[in-house]
S.K.: 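My questions will all concern the structure given below.
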Amino acid sequence: MLRFAQLQLRDPHAAEDVVQEAIEAALVNAESFAHRSSLKTWVFAILKNKIVDHIRHRERVVTISSLIEDGGDWDQKLDELFVEGGFWKRESRPATWPDPEASMASTQFWAVFEICLDRLPEQTSRVFMMREFLGFESDEICDTLGLSTSNCHVILHRARMRLRQCLETGWGRLGE
Amino acid sequence: MIMLNCEQVTVLCSEELDRRLPVTDRVALRLHMMMCKGCSNYRAQLGVIRAAMRHYAEGGASTIEDEDGTRP
(Lines give C-alpha, C1' and ligand atoms only; values in the text may rest on other atoms or scores of the structure.)
Protein backbone atom coordinates (compact mmCIF):
# COMPACT_ATOMS: atom_id res chain seq x y z
CA MET A 1 0.00 0.00 0.00
CA LEU A 2 2.82 2.35 0.90
CA ARG A 3 4.44 1.65 -2.40
CA PHE A 4 1.25 2.54 -4.31
CA ALA A 5 0.81 5.76 -2.38
CA GLN A 6 4.46 6.63 -2.76
CA LEU A 7 4.39 6.12 -6.50
CA GLN A 8 1.51 8.49 -6.84
CA LEU A 9 2.36 11.15 -4.30
CA ARG A 10 6.17 11.07 -4.52
CA ASP A 11 6.28 12.18 -0.92
CA PRO A 12 7.09 9.58 1.76
CA HIS A 13 5.38 11.48 4.59
CA ALA A 14 2.20 12.13 2.63
CA ALA A 15 2.24 8.49 1.52
CA GLU A 16 2.43 7.27 5.12
CA ASP A 17 -0.39 9.62 6.06
CA VAL A 18 -2.79 8.43 3.39
CA VAL A 19 -2.01 4.76 4.07
CA GLN A 20 -2.70 5.29 7.76
CA GLU A 21 -5.94 7.13 6.94
CA ALA A 22 -6.98 4.34 4.58
CA ILE A 23 -6.33 1.64 7.18
CA GLU A 24 -8.24 3.58 9.82
CA ALA A 25 -11.14 4.11 7.44
CA ALA A 26 -11.12 0.41 6.54
CA LEU A 27 -11.25 -0.58 10.23
CA VAL A 28 -14.02 1.90 11.03
CA ASN A 29 -16.07 0.77 8.04
CA ALA A 30 -15.27 -2.92 8.35
CA GLU A 31 -18.97 -3.72 8.64
CA SER A 32 -19.67 -2.26 5.22
CA PHE A 33 -17.23 -4.65 3.59
CA ALA A 34 -19.70 -6.72 1.63
CA HIS A 35 -17.49 -9.58 0.40
CA ARG A 36 -18.45 -8.69 -3.14
CA SER A 37 -14.80 -8.04 -3.79
CA SER A 38 -11.68 -9.39 -2.19
CA LEU A 39 -10.51 -7.64 0.96
CA LYS A 40 -7.40 -6.48 -0.86
CA THR A 41 -9.41 -4.85 -3.65
CA TRP A 42 -11.65 -3.17 -1.13
CA VAL A 43 -8.82 -1.73 0.96
CA PHE A 44 -7.06 -0.50 -2.17
CA ALA A 45 -10.24 1.22 -3.32
CA ILE A 46 -10.27 3.10 -0.02
CA LEU A 47 -6.61 3.96 -0.42
CA LYS A 48 -7.25 5.28 -3.91
CA ASN A 49 -9.98 7.58 -2.62
CA LYS A 50 -7.66 8.88 0.08
CA ILE A 51 -4.99 9.63 -2.49
CA VAL A 52 -7.51 11.43 -4.70
CA ASP A 53 -8.63 13.52 -1.71
CA HIS A 54 -5.04 14.34 -0.93
CA ILE A 55 -4.32 15.49 -4.47
CA ARG A 56 -7.48 17.56 -4.66
CA HIS A 57 -6.55 19.41 -1.47
CA ARG A 58 -2.92 19.84 -2.28
CA GLU A 59 -1.91 23.15 -3.71
CA ARG A 60 -1.14 23.32 -7.36
CA VAL A 61 2.51 22.55 -7.00
CA VAL A 62 2.96 21.45 -10.59
CA THR A 63 3.97 24.29 -12.83
CA ILE A 64 3.81 24.12 -16.56
CA SER A 65 7.50 24.87 -16.84
CA SER A 66 8.41 21.86 -14.72
CA LEU A 67 6.31 19.67 -16.98
CA ILE A 68 7.99 20.99 -20.06
CA GLU A 69 11.39 20.41 -18.48
CA ASP A 70 10.35 16.81 -17.98
CA GLY A 71 10.32 16.50 -21.74
CA GLY A 72 13.73 18.07 -22.23
CA ASP A 73 15.23 15.14 -24.09
CA TRP A 74 12.02 14.49 -25.94
CA ASP A 75 12.97 15.72 -29.41
CA GLN A 76 16.14 13.72 -29.26
CA LYS A 77 14.16 10.68 -28.22
CA LEU A 78 11.81 11.04 -31.17
CA ASP A 79 14.77 11.37 -33.53
CA GLU A 80 16.00 8.05 -32.23
CA LEU A 81 12.69 6.35 -33.00
CA PHE A 82 11.59 7.79 -36.32
CA VAL A 83 13.20 8.47 -39.68
CA GLU A 84 12.86 11.90 -41.24
CA GLY A 85 9.34 11.39 -42.64
CA GLY A 86 8.00 10.29 -39.27
CA PHE A 87 7.96 6.54 -39.95
CA TRP A 88 9.44 3.95 -37.58
CA LYS A 89 13.10 3.20 -37.90
CA ARG A 90 13.51 -0.49 -38.52
CA GLU A 91 15.19 -1.16 -35.18
CA SER A 92 12.63 0.81 -33.19
CA ARG A 93 9.49 -0.59 -34.81
CA PRO A 94 7.22 -1.83 -31.97
CA ALA A 95 7.26 -5.60 -31.51
CA THR A 96 4.36 -7.96 -30.93
CA TRP A 97 4.28 -8.48 -27.17
CA PRO A 98 3.55 -11.80 -25.48
CA ASP A 99 -0.03 -12.58 -24.51
CA PRO A 100 -1.25 -9.92 -22.00
CA GLU A 101 -3.17 -12.34 -19.78
CA ALA A 102 -0.13 -14.54 -19.32
CA SER A 103 2.09 -11.50 -18.75
CA MET A 104 -0.03 -10.17 -15.98
CA ALA A 105 0.21 -13.49 -14.20
CA SER A 106 3.99 -13.35 -14.23
CA THR A 107 5.95 -11.72 -11.41
CA GLN A 108 8.70 -10.85 -13.87
CA PHE A 109 6.32 -8.67 -15.85
CA TRP A 110 5.34 -6.73 -12.72
CA ALA A 111 8.96 -6.30 -11.66
CA VAL A 112 9.78 -4.71 -15.01
CA PHE A 113 6.54 -2.73 -14.95
CA GLU A 114 7.34 -1.15 -11.59
CA ILE A 115 10.87 -0.28 -12.66
CA CYS A 116 9.50 1.37 -15.80
CA LEU A 117 6.91 3.36 -13.82
CA ASP A 118 9.64 4.55 -11.47
CA ARG A 119 11.69 5.77 -14.40
CA LEU A 120 9.07 8.19 -15.67
CA PRO A 121 10.06 11.79 -14.99
CA GLU A 122 8.37 12.94 -11.80
CA GLN A 123 5.79 15.37 -13.14
CA THR A 124 5.00 13.23 -16.16
CA SER A 125 4.44 10.34 -13.81
CA ARG A 126 2.09 12.38 -11.66
CA VAL A 127 -0.18 13.18 -14.61
CA PHE A 128 -0.05 9.62 -15.93
CA MET A 129 -0.83 8.12 -12.53
CA MET A 130 -3.76 10.49 -12.04
CA ARG A 131 -5.16 9.27 -15.33
CA GLU A 132 -4.41 5.56 -15.24
CA PHE A 133 -4.05 4.72 -11.57
CA LEU A 134 -6.59 7.02 -9.95
CA GLY A 135 -8.94 7.11 -12.91
CA PHE A 136 -9.36 10.85 -13.33
CA GLU A 137 -10.79 12.04 -16.65
CA SER A 138 -8.19 14.01 -18.56
CA ASP A 139 -10.30 17.20 -18.33
CA GLU A 140 -10.29 16.89 -14.58
CA ILE A 141 -6.51 16.48 -14.54
CA CYS A 142 -6.08 19.64 -16.61
CA ASP A 143 -8.34 21.57 -14.25
CA THR A 144 -6.74 20.27 -11.08
CA LEU A 145 -3.21 20.97 -12.28
CA GLY A 146 -4.00 24.13 -14.22
CA LEU A 147 -2.85 22.71 -17.56
CA SER A 148 -4.23 23.32 -21.03
CA THR A 149 -5.97 20.39 -22.70
CA SER A 150 -3.27 20.04 -25.31
CA ASN A 151 -0.54 20.07 -22.67
CA CYS A 152 -2.35 17.30 -20.84
CA HIS A 153 -2.53 15.17 -23.96
CA VAL A 154 1.11 15.75 -24.79
CA ILE A 155 2.20 14.73 -21.29
CA LEU A 156 0.08 11.57 -21.36
CA HIS A 157 1.40 10.70 -24.80
CA ARG A 158 5.00 11.10 -23.62
CA ALA A 159 4.33 9.02 -20.54
CA ARG A 160 2.84 6.16 -22.56
CA MET A 161 5.58 6.25 -25.13
CA ARG A 162 8.32 6.17 -22.51
CA LEU A 163 6.58 3.41 -20.63
CA ARG A 164 6.09 1.18 -23.66
CA GLN A 165 9.67 1.79 -24.73
CA CYS A 166 10.92 0.71 -21.33
CA LEU A 167 8.61 -2.32 -21.24
CA GLU A 168 9.61 -3.38 -24.72
CA THR A 169 13.28 -3.27 -23.83
CA GLY A 170 12.89 -4.93 -20.44
CA TRP A 171 10.29 -7.51 -21.23
CA GLY A 172 8.46 -7.36 -24.57
CA ARG A 173 11.31 -8.63 -26.68
CA LEU A 174 12.26 -11.43 -24.33
CA GLY A 175 10.16 -13.89 -26.24
CA GLU A 176 11.85 -13.22 -29.57
CA MET B 1 -8.14 11.88 -46.62
CA ILE B 2 -4.95 12.90 -44.87
CA MET B 3 -2.31 10.21 -44.70
CA LEU B 4 -0.69 10.02 -41.28
CA ASN B 5 2.88 9.07 -40.56
CA CYS B 6 3.78 6.79 -37.65
CA GLU B 7 4.80 9.60 -35.35
CA GLN B 8 1.37 11.26 -35.78
CA VAL B 9 -0.32 7.90 -35.29
CA THR B 10 1.37 7.39 -31.91
CA VAL B 11 -0.09 10.73 -30.78
CA LEU B 12 -3.60 9.66 -31.81
CA CYS B 13 -3.18 6.23 -30.21
CA SER B 14 -2.64 7.99 -26.91
CA GLU B 15 -5.41 10.54 -27.41
CA GLU B 16 -8.02 7.93 -28.23
CA LEU B 17 -7.54 6.60 -24.70
CA ASP B 18 -8.49 9.97 -23.24
CA ARG B 19 -11.12 11.45 -25.53
CA ARG B 20 -13.35 10.50 -28.42
CA LEU B 21 -11.50 11.23 -31.65
CA PRO B 22 -13.17 13.05 -34.55
CA VAL B 23 -14.33 10.66 -37.24
CA THR B 24 -11.68 11.83 -39.72
CA ASP B 25 -8.95 10.89 -37.27
CA ARG B 26 -10.54 7.54 -36.60
CA VAL B 27 -10.72 6.71 -40.30
CA ALA B 28 -7.16 7.86 -40.91
CA LEU B 29 -6.02 5.77 -37.95
CA ARG B 30 -7.78 2.67 -39.23
CA LEU B 31 -6.29 3.09 -42.69
CA HIS B 32 -2.81 3.44 -41.28
CA MET B 33 -3.24 0.39 -39.06
CA MET B 34 -4.11 -1.76 -42.05
CA MET B 35 -0.76 -0.96 -43.61
CA CYS B 36 1.54 -0.69 -40.62
CA LYS B 37 2.39 -3.56 -38.29
CA GLY B 38 4.58 -1.35 -36.12
CA CYS B 39 1.73 1.01 -35.29
CA SER B 40 -0.73 -1.86 -34.78
CA ASN B 41 1.69 -3.26 -32.25
CA TYR B 42 2.09 0.16 -30.67
CA ARG B 43 -1.65 0.52 -30.22
CA ALA B 44 -1.94 -2.97 -28.75
CA GLN B 45 0.91 -2.17 -26.36
CA LEU B 46 -0.88 0.92 -25.07
CA GLY B 47 -3.86 -1.35 -24.47
CA VAL B 48 -1.69 -3.71 -22.44
CA ILE B 49 -0.35 -0.78 -20.41
CA ARG B 50 -3.87 0.42 -19.66
CA ALA B 51 -5.00 -3.05 -18.63
CA ALA B 52 -1.89 -3.49 -16.50
CA MET B 53 -2.44 -0.14 -14.77
CA ARG B 54 -6.01 -1.10 -14.00
CA HIS B 55 -4.86 -4.38 -12.57
CA TYR B 56 -2.14 -2.63 -10.61
CA ALA B 57 -4.55 -0.02 -9.23
CA GLU B 58 -6.73 -2.80 -7.90
CA GLY B 59 -3.75 -4.13 -5.98
CA GLY B 60 -3.57 -7.15 -8.22
CA ALA B 61 0.06 -7.01 -9.29
CA SER B 62 1.61 -10.47 -9.67
CA THR B 63 -1.62 -12.36 -9.03
CA ILE B 64 -4.72 -12.53 -11.14
CA GLU B 65 -7.52 -11.50 -8.89
CA ASP B 66 -10.77 -10.54 -10.48
CA GLU B 67 -13.27 -12.73 -8.74
CA ASP B 68 -15.99 -10.11 -8.59
CA GLY B 69 -15.78 -9.52 -12.33
CA THR B 70 -16.24 -5.77 -11.96
CA ARG B 71 -13.23 -4.67 -13.96
CA PRO B 72 -14.50 -1.52 -15.67
Side-chain angles (χ1 to χ4, degrees), chain A residues 1 4 7 35-38 40-45 47-48 78 81-83 85-88 90 92-97 100-101 103-107 109-111 113-114 116-117 128-129 131-135 137-139 141 149 152-154 156-161 163-164 167-168 172, chain B residues 1-22 24-26 28-72:
Chain A
M1 286 172 82
F4 283 125
L7 254 176
H35 298 279
R36 273 180 288 108
S37 56
S38 74
K40 195 174 168 189
T41 307
W42 182 68
V43 172
F44 270 94
L47 177 60
K48 248 169 87 168
L78 286 183
L81 291 176
F82 300 107
V83 295
F87 294 91
W88 295 109
R90 174 181 286 276
S92 58
R93 194 180 297 146
T96 306
W97 284 359
E101 287 289 319
S103 309
M104 279 181 238
S106 97
T107 48
F109 171 80
W110 291 109
F113 194 72
E114 286 202 345
C116 292
L117 274 181
F128 179 74
M129 293 298 270
R131 177 76 186 108
E132 300 288 343
F133 184 75
L134 300 173
E137 290 301 323
S138 50
D139 292 344
I141 298 172
T149 307
C152 258
H153 285 302
V154 167
L156 287 168
H157 164 57
R158 289 178 180 177
R160 290 179 178 124
M161 188 174 262
L163 203 48
R164 68 139 300 265
L167 284 168
E168 177 136 312
Chain B
M1 179 55 60
I2 306 157
M3 294 301 282
L4 301 171
N5 67 31
C6 300
E7 194 177 333
Q8 294 165 325
V9 165
T10 59
V11 173
L12 290 182
C13 283
S14 173
E15 281 199 29
E16 73 175 347
L17 296 174
D18 303 315
R19 68 181 183 106
R20 187 167 169 80
L21 295 179
T24 47
D25 285 347
R26 275 183 275 144
L29 206 52
R30 183 182 293 183
L31 270 177
H32 186 100
M33 291 301 168
M34 291 192 298
M35 303 178 300
C36 180
K37 183 69 178 158
C39 285
S40 304
N41 284 341
Y42 187 88
R43 190 191 221 173
Q45 291 174 2
L46 293 197
V48 172
I49 288 171
R50 168 151 289 186
M53 281 307 290
R54 226 159 240 176
H55 202 68
Y56 194 62
E58 286 163 7
S62 80
T63 50
I64 291 205
E65 202 174 11
D66 192 25
E67 64 264 57
D68 57 351
T70 54
R71 194 178 293 179

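To find a chain, count down the sequence lines: A is the first, B the second, and so on, and within it residues start at 1.
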S.K.: Heavy-atom distances under 4.5 Å only: say whether Ala44(B) touches chain A with side chain, backbone, both or neither.
M.R.: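 Contact with chain A involves no heavy atom of Ala44(B) at all.
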S.K.: Tell me every residue that passes ring-ring contact (aromatic ring centres under 6.0 Å, His included) with Trp42(A), counting only those two or more places apart in sequence or in another chain.
M.R.: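 Trp42(A) satisfies ring-ring contact (aromatic ring centres under 6.0 Å, His included) with Phe33(A) only.
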S.K.: Residues two or more places apart in sequence or in another chain: which of them pass ring-ring contact (aromatic ring centres under 6.0 Å, His included) with Phe113(A)?
M.R.: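 Partners of Phe113(A) by the ring-ring contact (aromatic ring centres under 6.0 Å, His included) criterion, ordered by chain and then number, come out as Phe109(A), Trp110(A), Tyr56(B).
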S.K.: Start with the C-alpha gap between Trp88(A) and Val9(B), add the side-chain angles, then the distance that decides, and say whether side chain to side chain contact (heavy atoms under 4.5 Å, CB included) holds.
M.R.: CA-CA 11 Å; Trp88(A) 295 109; Val9(B) 165; over 6 Å; no
S.K.: Report yes if the side chains of Thr96(A) and Lys37(B) come closer than 4.5 Å at any heavy-atom pair, otherwise no.
M.R.: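 Result yes, sub-4.5 Å side-chain heavy-atom pair found.
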S.K.: For Met161(A) and Thr10(B), work out which heavy atoms get closest and say how close.
M.R.: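 Minimum heavy-atom separation between Met161(A) and Thr10(B): CE-OG1, 3.5 Å.
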S.K.: Nearest 0.5 Å, what's the CG-CG distance between Asp18(B) and Leu156(A)?
M.R.: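 One gets 5.0 Å once the value is rounded to the nearest 0.5 Å.
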S.K.: Starting at CZ of Phe133(A), measure out to CZ of Arg54(B) and round the result to the nearest 0.5 Å.
M.R.: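 CZ of Arg54(B) is found 13.5 Å from CZ of Phe133(A).
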S.K.: Does any backbone or side-chain atom of Leu117(A) lie under 4.5 Å from a heavy atom of chain B? Answer side chain, backbone, both or neither.
M.R.: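 Just the side chain, heavy atoms under 4.5 Å.
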S.K.: To the nearest 0.5 Å, what is the distance between NE2 (His157(A)) and CG (Leu17(B))?
M.R.: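 Going from NE2 on His157(A) over to CG on Leu17(B), the span is 12.0 Å.
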S.K.: For the CZ atom of Arg160(A) and the CE atom of Met53(B), what is their distance to the nearest 0.5 Å?
M.R.: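 It is 10.0 Å, given to the nearest 0.5 Å.
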S.K.: Where does Cys36(B) contact chain A at under 4.5 Å (heavy atoms): side chain, backbone, both or neither?
M.R.: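 Just the side chain, heavy atoms under 4.5 Å.
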S.K.: State, to 0.1 Å, how close Met104(A) and Ala51(B) come at their nearest heavy-atom pair, and which atoms those are.
M.R.: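 Shortest heavy-atom contact: CE-CB, 3.6 Å.
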S.K.: Out of Gly85(A), Ser138(A), Gly86(A), return the one with the most heavy atom pairs under 4.5 angstrom to chain B.
M.R.: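 Most heavy-atom pairs under 4.5 Å with chain B: Gly86(A).
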S.K.: What part of Phe82(A) gets within 4.5 angstrom of chain B, counting heavy atoms only: side chain, backbone, both, or neither?
M.R.: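 For Phe82(A), side-chain heavy atoms alone lie under 4.5 Å from chain B.
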S.K.: How far apart are the closest heavy atoms of Phe87(A) and Leu4(B), and which atoms are they?
M.R.: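 Closest approach of Phe87(A) to Leu4(B), heavy atoms only: CE2-O, 4.3 Å.
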S.K.: Could you have a look at Glu137(A), Glu132(A), Lys48(A), Met129(A) and say which one has the most heavy-atom pairs with chain B under 4.5 angstrom?
M.R.: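 Most heavy-atom pairs within the cutoff with chain B belong to Glu132(A).
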S.K.: Nearest 0.5 Å, please: how far is NE2 in His55(B) from OG in Ser103(A)?
M.R.: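 Between atom OG of Ser103(A) and atom NE2 of His55(B) there are 11.0 Å.
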S.K.: Do Phe128(A) and Ile49(B) touch side chain to side chain, with heavy atoms closer than 4.5 Å?
M.R.: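 In contact.
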S.K.: Rounded to the nearest 0.5 Å, what separates atom OG1 in Thr149(A) from atom CD in Glu15(B)?
M.R.: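 The distance works out to 10.0 Å.
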S.K.: Counting distance only, does the side-chain N/O of Gln45(B) pair as donor-acceptor with the main-chain N or O of Ala95(A) below 3.5 Å?
M.R.: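 Pair found, side chain donor or acceptor close to backbone of Ala95(A).
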